[in-house]
Number of protein chains: 2
Amino acid sequence: MLTTERHQLILNLLKEKQSIKIQELVELTAASESTIRRDLTELEELQKLERVFGGASRIAPNVPEPSLSDKAAKNLKEKQLVARYAASLVKTGDSLFLDAGTTTAQMIPFLTDKDVTVVTNGLSHLEALIEHGITSYLTGGFIKSRTGALVGPQATQSLENYRFDKSFLGVNGIHPVHGFTTPDPEEAAVKRRAGELSRSCYVLADQSKYGKVSFAHIFDLSRSALIIDGLPDEALEEIERQTTIKVVTQ
Amino acid sequence: MLTTERHQLILNLLKEKQSIKIQELVELTAASESTIRRDLTELEELQKLERVFGGASRIAPNVPEPSLSDKAAKNLKEKQLVARYAASLVKTGDSLFLDAGTTTAQMIPFLTDKDVTVVTNGLSHLEALIEHGITSYLTGGFIKSRTGALVGPQATQSLENYRFDKSFLGVNGIHPVHGFTTPDPEEAAVKRRAGELSRSCYVLADQSKYGKVSFAHIFDLSRSALIIDGLPDEALEEIERQTTIKVVTQ
DNA sequence: CTGCTTATGAATGATTATGATTGATTTTGA
DNA sequence: TCAAAATCAATCATAATCATTCATAAGCAG
């Protein structure tokens, strides 16, 4: 069975059921466990599924809701650390862009007393923004249920209505040569334009993003400061050569 | 059974019943008590349930903002009646504007099989739209937390990106002389412009709105058809003189 | 055909999840 | 109120799963 055939079979199975076990796939494809694991890793990188212990599951739509999504819960402590530091950079009265990322969402509780105006394309930020009484605008655009982001030309165009003191962006890849990247070109376009419309731009990330390259280029490292929860020393030197970086460890 | 499968089963059970016992879960999942306890601990950390002695229960709902929940629950049967009729007017492939009203929200489940594209300024519609897999766009604009609507010039302007086959609007007042009205001028502006950009426009209302006049004029009665759950005869005659009306009684 | 690249399966050490056990805590009923 | 039963949380041993590495087979291009 060809790799592409296996991939198609896996995705078709996940159309029928919410999740599937590695053992089931081994039997259905007559491939080894190693091969199936590699398939799943690759399909996860393409965001076509989520790996779970013992198998894989469909990607859950990111319905805004009070509970934490699995994605948001991952590395929560590190995200909160980075978010708190990022929020400390905000001055009273600032106008901010917060993108649809899980780390930028963690900034919201720290913005309460700053009398800021927030523009966002992140649907999962809504409840927190309302709860904290923050003056907020949504970009509008196409509802991308997988990520809970508003994207597309309407989203990007609506940014033209605004100018930001600061933008805070999440990314999926940080690489010295390939820059900041994210899987979806439309989300990349929103991030890029928001960055361009800002006096200052900050990328917020956890260190698992370092060394990764996703499909859609946002901008080069030099175009944004980086706030991150840790990095190896040699990576730190490389980044410092290209941009401003703040490593937040507590 | 995968961990994620157990979690899904637990949450699905809690959709059907208020609470569930650990013993029940042990039997249903063929996992041990220890494992179930761990599952419950994790789901509680994600705020998806509350642990109780001997089991788990749904999270007690936050007291919803009174104005929103009272509005949504009021005359729910009538609203669903009107909404179902309104949805029956939708053809496959239609492009629709659904405003932020509680009656228009009730249309969503009836749109699932119609392959429609929906534009809305109603934040409370998000979950249902995503859940029903409806291709959806948000207008963008200022987040008005009291009503869950997106309003303001950005909201109205973003409508220029679209042309609609049909618009469905809620109102707060229906009056033969004063027309269709709603309290907030900014919401009125969104409704008016959506109506203007549509081939057909329908106001959805329950009869409690008849005879009422709110602060902001949307448009005259002649500018939109009206779908309503009932009216006195003399009122019916008056409306019929000005526009198309459909009274839906079952 | 040869040399190179890619994909595969197996092995191995690392990591995670599970079930059983035990002492602590809560609930129940007399 | 108190004793007993039920439930809980923490701990531990172990099985299952995972990621990495390596050898080799399969596929590809010249």
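Fair warning: this is a prediction, and the values are worked out from it, not measured in the lab.
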(message) Under 3.5 Å, is there any donor-acceptor pair linking the side chain of Ser34(A) to the base of dA10(C)?
(response) yes
(message) Within the 4.0 Å heavy-atom criterion, would you say Thr3(B) contacts the bases, only the backbone, or no part of the nucleic acid?
(response) sugar-phosphate
(message) Mind checking if Val52(A) touches a base, just sugar-phosphate, or nothing, with heavy atoms under 4.0 Å?
(response)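 Result for Val52(A) = sugar-phosphate.
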Figure out the [atom1]/[atom2] separation between [X] and [N], and round it to whole Å.
X: Leu40(A); N: dA19(D); atom1: CG; atom2: P; answer: 10 Å
X: Glu5(A); N: dG27(D); atom1: CD; atom2: C1'; answer: 15 Å
X: Ile36(B); N: dA17(C); atom1: CD1; atom2: C1'; answer: 13 Å
X: Leu2(A); N: dA26(D); atom1: CG; atom2: C1'; answer: 12 Å

(message) Do Glu24(B) and Leu13(B) have side chains that approach each other closer than 4.5 Å (heavy atoms only, starting at C-beta)?
(response)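 Sidechains of Leu13(B) and Glu24(B): no contact.
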(message) Quick check on side-chain hydrogen bond (donor to acceptor under 3.5 Å, both in side chains): which of Asp229(A), Thr104(A), Thr102(A) does Lys79(A) satisfy it with?
(response)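 It is Thr102(A); the other options fail the test.
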(request) Consider the side chain of Arg38(B), meaning its heavy atoms from C-beta on, and name the nucleotide among dT27(C), dT18(C), dT21(D) that approaches it most closely. (result) dT18(C)
(request) Establish, with yes or no, whether the OP1 or OP2 oxygen of dA9(D) is under 4.0 angstrom from a side-chain nitrogen or oxygen of Arg51(B). (result)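 Looking at the OP1 and OP2 atoms of dA9(D), one of them is under 4.0 Å from a side-chain N or O of Arg51(B).
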(message) If you assign each of Thr41(B) and Ile22(A) to its closest nucleotide in DNA chain D, which residue comes earlier from the 5' end?
(response) Thr41(B)
(request) Inspect the contact between Glu42(B) and Lys48(B) and indicate whether a charged nitrogen and a carboxylate oxygen are less than 4.0 angstrom apart. (result)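 Between Glu42(B) and Lys48(B) there is no salt bridge, as every charged N stays at least 4.0 Å from the carboxylate O atoms.
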